[in-house]
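Basis for what follows: all heavy atoms, side chains included, without hydrogens, waters or symmetry-related copies. Just so you know, these numbers come straight off a predicted model, no measurement behind them.
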Amino acid sequence: MSTLLRRLIAGINLLLRIVVITWTTLAIYYSNLPWPALRLGLAVVFAAFAVWAFWLSRQRRMPAVAFALVVGVIAWWFTITPSNDRNWRPEVAVMPQAFIEGDRVRLTGVRNFDYRSRDDFTVHYEEREIDLSHLVGLDFYVSYFMVGLVAHTFVSFTFDNASPLSISIETRPEVGRGFEPIASMFKQFELIYVVGEERDLVGVRAIYRREAVYLYRLNTSPEDARRLLMIYLTRINELAERPEFYNLFTNSCTVNIVRYANAVGRKGRFDIRHLFNGLIDSYLYHSGRVDTTEPFDELRRLSLINEAAQAADGAPEPDFSRRIRASLPTVAR
């Protein structure tokens with residue numbers, strides 16, 4: 001038993017050192033130093049020194065020196081702060097805001113671009129007023145930029161007197177950059193809640209980016225949908241005042257959607273499909289949050305809206321939103 005315990009401790013120690021070296025190397029590479037060559041060079045030098053200090057050097061104080069460098073990088077890491085003032089890509093250039101007066105909400109920075117291709121579009125941000133008393137439901141989108149366990153998720157709030165309002169929790173990349181999963185864990189992207197019309201937020205993914213987009217109607221009650229929207233609006237205003245960094249595991253689309261669902265009364269434990277969100281529709285089905293009268297595979301087939309979106313390309317709101325829902329199963333709110 002003592003031999004097994006020593007081996008277990010040695011294994012944990014080895015894993016800890018590998019994790020520390022990997023994280024610190026990436027933190028240096030993705031730091032706020034302005035020169036990529038310098039960041040790469042410092043990252044390589046640190047990694048080489050750490051390997052030498054932990055495993056090759058015969059000097060007992062070398063591991064302590066390596067750990068001191070790690071502490072210094074962590075301290076440096078905490079000095080890196082988010083900003084709302086960068087050269088943003090036009091799709092995320094305008095931070096939305098919400099002005100709430102009772103049931104009436106005036107939203108600014110609502111995206112409603114006209115697309116000719118994924119990279120050729122007319123920029124158009126507008127204001128929109130909504131009435132919370134007319135909010136009747138919540139719909140859930142899963143959009144796959146590639147086949148696999150990871151997808152992008154976002155929601156649309158539906159009204160009985162107006163077109164749906166989509167809100168998508170995304171990274172805020174600068175001009176010349178796209179989404180980078182590893183970089184997103186190292187303070188490389190700010191967070192934005194993109195507010196827009198479905199003909200934009202859904203259309204660009206389903207039509208021009210050629211992502212596989214699934215739309216699920218949730219059985220959320222109107223009251224819970226209103227409470228959820230108020231959480232979103234509060235967060236939108238907070239980000240306009242105090243920017244935050246996006247993080248793939250702690251401050252991303254599905255993680256925040258689940259967090260806000262918990263705040264309005266979701267009952268259920270953490271599920272691995274919250275992280276591997278390409279499977280989130282399976283979670284919604286088996287937890288009873290969508291229509292379950294059909295087998296899951298059939299519901300999923302019916303929920304793929306790409307053909308309907310392509311057929312509705314160019315249609316104004318609310319016609320676009322109505323047409324992409326035409327063949328979806330109904331659900332009791």
Is a salt bridge present between [X] and [Y], judged by a nitrogen-to-oxygen distance below 4.0 Å?
{"X": "Asp319", "Y": "Arg323", "value": "yes"}
{"X": "Glu241", "Y": "Arg235", "value": "no"}
{"X": "Arg217", "Y": "Asp291", "value": "no"}
{"X": "Asp224", "Y": "Arg266", "value": "no"}
{"X": "Arg301", "Y": "Glu294", "value": "no"}
{"X": "Arg199", "Y": "Asp114", "value": "yes"}
{"X": "Glu317", "Y": "Arg128", "value": "no"}

On a heavy-atom basis, which atom in [X] and which in [Y] lie closest, and how many Å separate them?
{"X": "Val123", "Y": "Pro90", "answer": "CG2-CB, 4.0 Å"}
{"X": "Glu198", "Y": "Ser156", "answer": "OE2-OG, 2.7 Å"}
{"X": "Ser184", "Y": "Leu248", "answer": "OG-CB, 3.4 Å"}
{"X": "Leu228", "Y": "Val264", "answer": "N-CG1, 3.7 Å"}
{"X": "Val142", "Y": "Ala151", "answer": "CG1-CB, 3.8 Å"}
{"X": "Arg259", "Y": "Thr250", "answer": "NH2-O, 3.2 Å"}

Decide whether [X] and [Y] meet the rule of one side-chain donor and one side-chain acceptor closer than 3.5 Å.
{"X": "Asn251", "Y": "Asn256", "result": "yes"}
{"X": "Thr153", "Y": "Thr254", "result": "yes"}
{"X": "Ser163", "Y": "Glu197", "result": "yes"}
{"X": "Arg116", "Y": "Thr122", "result": "yes"}

Heavy-atom distance under 4.5 Å between the side chains of [X] and [Y], does that happen here?
{"X": "Phe186", "Y": "Tyr29", "answer": "no"}
{"X": "Val255", "Y": "Leu275", "answer": "yes"}
{"X": "Arg39", "Y": "Trp35", "answer": "no"}
{"X": "Leu215", "Y": "Ser303", "answer": "no"}
{"X": "Asp281", "Y": "Phe296", "answer": "yes"}
{"X": "Phe189", "Y": "Asn247", "answer": "no"}

Looking at [X], I'd like to know if its [atom1] atom is crowded, meaning that more than 12 non-hydrogen atoms belonging to other residues, nucleotides or ligands lie closer than 6.0 Å.
{"X": "Phe276", "atom1": "CZ", "result": "no"}
{"X": "Gln59", "atom1": "CD", "result": "yes"}
{"X": "Glu307", "atom1": "CD", "result": "no"}

Do side-chain atoms of [X] reach the backbone of [Y] as a donor and acceptor pair under 3.5 angstrom?
{"X": "Asn161", "Y": "His134", "result": "no"}
{"X": "Thr234", "Y": "Met230", "result": "yes"}
{"X": "Thr79", "Y": "Trp76", "result": "yes"}
{"X": "Lys187", "Y": "Ile80", "result": "yes"}
{"X": "Asp103", "Y": "Asp131", "result": "no"}
{"X": "Arg226", "Y": "Leu135", "result": "yes"}
{"X": "Glu126", "Y": "Val110", "result": "no"}
{"X": "Asn306", "Y": "Ala206", "result": "yes"}

Could you tell me whether Phe54 and Phe67 have their ring centroids closer than 6.0 angstrom?
-> yes

Is the distance between the ring centroids of Tyr144 and Tyr214 less than 6.0 Å?
-> yes

Give the ring-plane orientation class for Tyr232 versus Tyr260, where under 30° counts as parallel, over 60° as perpendicular and anything between as tilted.
-> perpendicular

Can you label the angle between the His152 ring and the Phe154 ring as parallel, tilted or perpendicular, going by 30° and 60°?
-> parallel

Report yes or no: is the cationic atom of [X] (NZ for Lys, CZ for Arg) under 6.0 Å from the centre of the six-membered ring of [Y], at an angle within 45° of the ring normal?
{"X": "Arg106", "Y": "Phe99", "answer": "yes"}
{"X": "Arg111", "Y": "Phe113", "answer": "yes"}
{"X": "Arg172", "Y": "Tyr246", "answer": "no"}

Would you sort out whether Glu127 and Thr108 count as a side chain to side chain donor-acceptor pair (under 3.5 Å), showing the intermediate values?
-> CA-CA 4 Å; Glu127 291 191 5; Thr108 62; 5.9 Å; no

[X] with [Y], same ILVMFWY side-chain cluster at under 4.5 Å:
{"X": "Ile272", "Y": "Leu149", "value": "yes"}
{"X": "Leu69", "Y": "Phe78", "value": "yes"}
{"X": "Ile182", "Y": "Phe249", "value": "yes"}
{"X": "Val150", "Y": "Val258", "value": "no"}
{"X": "Val65", "Y": "Val44", "value": "yes"}

Could you walk me through whether Glu170 and Arg205 pass the salt bridge (charged side-chain N to carboxylate O under 4.0 Å, His left out) check?
-> CA-CA 13 Å; Glu170 302 182 12; Arg205 293 181 178 277; 3.5 Å; yes

Output all residues satisfying ring pair (Phe, Tyr, Trp, His ring centres under 6.0 Å) with His274, sequence neighbours left out; order by chain, then residue number.
-> Phe270, Tyr283

Assess whether ring-ring contact (aromatic ring centres under 6.0 Å, His included) is satisfied between Phe140 and Tyr216, documenting all intermediate values.
-> CA-CA 5 Å; Phe140 192 95; Tyr216 297 95; 7.4 Å; no

What pairs meet the salt bridge (Lys or Arg N to Asp or Glu O under 4.0 Å) rule with one or both residues in residues 58-73, with sequence neighbours excluded?
->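 The answer is none; no pair qualifies.
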
Could you tell me which residues satisfy salt bridge (Lys or Arg N to Asp or Glu O under 4.0 Å) with Asp119, sequence neighbours excluded, listed by chain and number?
->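 Counting only residues at least two positions away or on another chain, Asp119 forms no salt bridge (Lys or Arg N to Asp or Glu O under 4.0 Å).
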
Evaluate the side chain to side chain donor-acceptor pair (under 3.5 Å) criterion for residues Tyr115 and Asp313: first the C-alpha distance (whole Å), next the side-chain angles of each, then the deciding distance (0.1 Å), finally the verdict.
-> CA-CA 10 Å; Tyr115 292 88; Asp313 187 18; over 6 Å; no

